[in-house]
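Read through the structure below, which is laid out as structure tokens, and then see the notes.
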2 protein chains.
Amino acid sequence: MAKIDDVARLAKVSKGTVSNVFSQKRPTSNEVRERVMSVSRQLNYVPNHTARSLVTKKTMAIGLTIPHGSFFFSAFHTQFINGVILEAAYYGYRVLLDIIPVHEVKTPFLTSYPIDGAVVMRPTANDERINLMHMGQIPFVTVGHVMNENIEHSTSVDNDNVQMMSNICEYLVGKGHKDIMFLNANEHMTVSIDRKASFIQAMKDRGLDVEEHMIHHKPELNSSEYMDYGYEETIDILGKQKKKVTAIIADDDRTAFSVLNAIKDLNLSVPGDVSLFVICGDNSMMVQSNPSLTSMDLQPSELGAQSVRLLMHQLGVLQGEYDENIIVEGKIIERNSVSTIGHEEDRK
Amino acid sequence: MAKIDDVARLAKVSKGTVSNVFSQKRPTSNEVRERVMSVSRQLNYVPNHTARSLVTKKTMAIGLTIPHGSFFFSAFHTQFINGVILEAAYYGYRVLLDIIPVHEVKTPFLTSYPIDGAVVMRPTANDERINLMHMGQIPFVTVGHVMNENIEHSTSVDNDNVQMMSNICEYLVGKGHKDIMFLNANEHMTVSIDRKASFIQAMKDRGLDVEEHMIHHKPELNSSEYMDYGYEETIDILGKQKKKVTAIIADDDRTAFSVLNAIKDLNLSVPGDVSLFVICGDNSMMVQSNPSLTSMDLQPSELGAQSVRLLMHQLGVLQGEYDENIIVEGKIIERNSVSTIGHEEDRK
DNA sequence: TTGTACGCGTTATCAG
DNA sequence: CTGATAACGCGTACAA
């Protein structure tokens with residue numbers, strides 16, 4: 001591999017000049033630049049990223065920390081990642097999939113991270129990864145708020161979980177539903193905690209009580225029930241326990257499909273017997289499902305882009321004032337899986 | 001940030017010794033190691049990844065090159081990426097999402113890549129990225145074979161596209177289907193080219209001719225028809241042109257769902273009027289679809305893992321002999337979207 | 001504008 | 001098994 005000295009020698013200029021034409025930090029005469037570029041092409045020279053990083057102390061890469069121990073991507077993750085990649089590329093940053101493997105690696109973290117900052121998806125309460133970033137002094141922004149002791153100040157992007165659950169309940173209750181089962185995300189994630197509380201509160205605000213069996217949480221990835229989450233719960237509560245449930249809120253499209261199947265196996269129908277509402281699924285899946293699924297669009301791609309923008313602010317790449325906590329709006333998209341129920345008298 | 005010298009000084013050893021206890025490349029006495037580690041913890045010291053890379057010439061990261069200009073992940077991508085990440089982590093490697101953005105960045109490749117090798121997903125014919133890697137001397141393995149001029153020797157993982165299409169045709173024709181429409185992937189990808197040829201050959205082997213209108217290709221991502229690929233084609237061929245089609249092979253689950261919708265809109269049913277066969281969709285989606293979808297499992301996760309293993313061989317991390325081209329088997333998973341048709345006499 | 005030391009933090013080499 | 005020193009390739013003041 002050609003080095004900067006080789007280019008300098010052949011182009012009859014100094015290292016510094018070559019450096020400048022590549023970094024463009026200082027102006028160089030047209031003539032010189034041409035000559036340098038020509039020689040570089042000829043020698044197949046490109047600046048060494050690592051050496052440059054060593055002195056600039058910038059790696060031009062950000063880490064993307066996928067949910068704890070999770071290696072399954074839902075539509076939310078997929079679109080979020082798209083948003084991150086696109087936005088990062090815009091600022092010249094690359095994205096390093098930054099993972100804490102399930103099976104402990106030999107010597108974890110025996111070296112510093114070659115990243116300038118990180119986006120942490122879906123932190124859990126007292127997330128170990130957050131502590132690590134915090135200690136390692138590396139700038140980060142989370143998707144969903146941080147719930148770690150001794151960390152009170154942190155930047156994040158999120159949907160307004162309170163407003164969101166309130167809107168959903170408003171929508172469902174407005175259509176006559178009082179017995180709503182909530183298939184929440186994994187209980188350790190802070191967004192999940194927020195949503196559970198918000199859900200209960202939203203129902204209470206409408207004079208409705210939420211019983212314990214009406215809220216469930218997605219199992220850990222490694223558990224065998226993970227892929228079927230939604231099926232067993234539906235069969236159990238509606239079928240075996242014969243509890244009254246007129247509407248179900250599912251955490252993602254996969255869960256929704258499981259529910260759909262369970263309901264079919266119970267010889268019930270959507271939305272005839274029970275309504276189904278999805279929080280953030282893949283749009284085309286929702287549309288092409290039968291019936292098409294009414295859902296709340298969390299705008300994951302926008303969340304991804306915003307999280308990068310926030311990080312760029314922290315890194316000083318983006319100048320000016322900025323909000324440390326960005327809220328992205330969730331929008332209800334009506335399709336055909338929720339129906340109005342009850343007679344006038346039922347609704348009081 | 002503490003540096004190695006600080007640790008050396010406080011632990012009363014030399015830099016070299018500190019280096020050794022961290023890299024474990026040379027044995028160190030227990031006593032010394034303890035002391036060094038203790039001081040390191042105290043100083044919050046971790047070796048600087050960049051400085052280390054500069055001298056070892058290893059970044060301990062591999063690039064994962066997503067399909068050209070594509071920012072949409074199908075089930076195949078998702079699972080493939082999972083396989084890559086997991087396997088890479090096993091060898092202590094990180095994964096850099098290595099993308100050629102759609103909107104050209106200012107000065108692309110003005111610096112060397114901070115990766116030791118790369119996995120290139122779904123190369124196209126004369127893929128520009130492949131040429132880049134080739135010139136840049138960076139080891140890479142592709143998913144799907146390379147079709148670039150002046151590159152004849154390259155390592156790759158793939159399914160056996162010939163065998164695969166043959167098996168699918170065997171399966172479908174065996175059930176009486178003669179008029180099969182193939183909704184292929186994007187025409188530029190080499191796997192797509194392979195499959196088209198294999199499909200035609202497989203049909204010919206069975207005495208069947210494939211007309212032009214029976215093969216379609218997924219539009220580019222940026223085109224507006226991308227998300228609906230499968231719908232228009234089905235409506236057009238079966239509905240408007242009234243061509244006889246008894247079975248459809250769809251490239252992925254999204255396409256399959258679009259087809260399902262089109263068929264419903266045509267007042268036809270699956271598998272009653274037309275059978276549907278999917279190449280590599282998300283299993284839980286396939287199962288939970290109605291009807292559940294018969295598909296060919298390409299084992300994307302396994303492909304991902306194997307591609308990394310191949311790369312590790314090239315990087316010298318893995319020792320010993322190895323095949324330069326690994327074939328992962330595709331398995332047909334029967335569900336309920338393909339039916340047997342025709343009377344005895346029809347089949348001759 | 002250009003050339004020249006020097007530093008970035010580590011590992012490799014070679015004595016001891 | 002440990003210590004001293006020379007690379008590694010580039011950016012950057014500082015001087016010219």
Side-chain angles (χ1 to χ4, degrees), chain A residues 1-37 39-40 43-60 92 107 109-116 136-138, chain B residues 1-37 39-40 43-61 92 107 109-116 136-137:
Chain A
M1 277 287 94
K3 343 194 305 183
I4 200 171
D5 304 86
D6 303 333
V7 177
R9 202 177 322 116
L10 253 97
K12 294 183 194 299
V13 292
S14 71
K15 300 168 54 164
T17 305
V18 178
S19 174
N20 285 336
V21 10
F22 275 98
S23 70
Q24 305 186 351
K25 295 217 171 176
R26 301 205 173 295
T28 48
S29 75
N30 260 336
E31 186 206 4
V32 169
R33 182 171 53 246
E34 294 289 319
R35 205 163 65 222
V36 169
M37 289 310 277
V39 172
S40 300
L43 261 48
N44 215 324
Y45 166 81
V46 276
N48 182 301
H49 180 94
T50 306
R52 175 180 282 181
S53 289
L54 186 58
V55 36
T56 61
K57 294 183 181 312
K58 284 175 181 299
T59 64
M60 296 308 282
T107 351
F109 306 112
L110 44 20
T111 167
S112 70
Y113 261 42
I115 52 176
D116 298 334
Q137 307 271 13
I138 130 159
Chain B
M1 277 285 95
K3 347 192 302 183
I4 200 171
D5 304 84
D6 304 332
V7 176
R9 200 176 324 116
L10 254 98
K12 294 183 194 297
V13 292
S14 72
K15 302 165 55 160
T17 305
V18 177
S19 175
N20 285 336
V21 7
F22 275 99
S23 70
Q24 304 186 350
K25 295 217 170 176
R26 304 209 170 291
T28 47
S29 75
N30 262 337
E31 187 207 2
V32 170
R33 183 171 52 246
E34 295 288 321
R35 205 164 65 223
V36 169
M37 288 310 278
V39 172
S40 301
L43 261 50
N44 213 324
Y45 166 81
V46 277
N48 182 301
H49 179 94
T50 307
R52 175 180 283 181
S53 288
L54 185 58
V55 37
T56 60
K57 293 181 182 313
K58 283 174 182 299
T59 64
M60 297 309 281
T107 353
F109 306 112
L110 45 17
T111 166
S112 71
Y113 262 38
I115 52 177
D116 298 334
Q137 308 271 15

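Protein chains get the first letters and strands the later ones, always in sequence-line order, with residue 1 at the start of each. The basis for the numbers below is simple: all heavy atoms, side chains too, and nothing from hydrogens, waters or symmetry mates.
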Completion exercise
Residue pairs passing the salt bridge (charged side-chain N to carboxylate O under 4.0 Å, His left out) test with at least one member in residues 10-26 of chain B, sequence neighbours excluded, are D5(B)-K15(B)

[X]: what forms a side chain to side chain donor-acceptor pair (under 3.5 Å) with it, not counting sequence neighbours?
X: S14(A); answer: T17(A)
X: N48(A); answer: none
X: T50(B); answer: none
X: N44(B); answer: none

Handout entry: Contact interval (first through last nucleotide) of DNA chain C with protein chain A, 4.0 Å heavy-atom
Key = dT2(C) to dG9(C)

Handout entry: Nucleotide dG3(D), atom C1' - distance to CZ of R9(B) in whole Å
Key = 16 Å

Practice task
Five pairs at each end of the helix from dT1(C)-dA16(D) to dG16(C)-dC1(D): take the axis at both ends and give me the angle between them to 10°.
Solution key: 30°

Exercise for the section: Go through K3(B) and D6(B) one step at a time and tell me if the salt bridge (Lys or Arg N to Asp or Glu O under 4.0 Å) criterion holds. Expected result: CA-CA 5 Å; K3(B) 347 192 302 183; D6(B) 304 332; over 6 Å; no

Exercise for the section: Flag the pair Y45(A) / I4(A) as yes when at least one side-chain heavy-atom distance between them is below 4.5 Å, and no otherwise. Expected result: yes

Exercise for the section: Would you check if V36(A) and R33(A) make a side-chain contact, meaning some heavy-atom pair closer than 4.5 Å? Expected result: no

Exercise for the section: Mark yes or no for whether T28(B), through its side chain, and V21(B), through its backbone, hold a donor-acceptor pair below 3.5 Å. Expected result: no

Problem - side chain to side chain contact (heavy atoms under 4.5 Å, CB included) partners for E31(A), two or more places apart - result: S29(A), R35(A)

Handout entry: Phosphate-side-chain proximity, T17(B) and dG3(D), N/O vs OP1/OP2 below 4.0 Å
Key = yes

Quick test: give all pairs of protein nitrogen or oxygen and nucleotides 13-16 of chain D nitrogen or oxygen below 3.5 Å, distance rounded to 0.1 Å.
none

Between the protein and nucleotides 8-10 of chain D, list the N/O to N/O atom pairs that are separated by less than 3.5 angstrom.
residue : atom : partner : partner atom : Å
dC8(D)  : O3'  : K57(B)  : NZ           : 3.4
dG9(D)  : OP1  : K57(B)  : NZ           : 3.0
dG9(D)  : OP2  : K3(A)   : NZ           : 3.4
dC10(D) : OP1  : Y45(A)  : OH           : 3.0
dC10(D) : OP1  : N48(A)  : N            : 3.2
dC10(D) : OP2  : I4(A)   : N            : 2.6
dC10(D) : N4   : K15(A)  : NZ           : 3.4

So [X], base contact, sugar-phosphate only, or nothing? Heavy-atom distance under 4.0 Å.
X: V32(A); value: sugar-phosphate
X: T28(B); value: sugar-phosphate
X: K12(B); value: sugar-phosphate

Fill in the blank from the handout: Between T59(A) and P114(A) the two heavy atoms that sit nearest each other are OG1-O, 3.1 Å

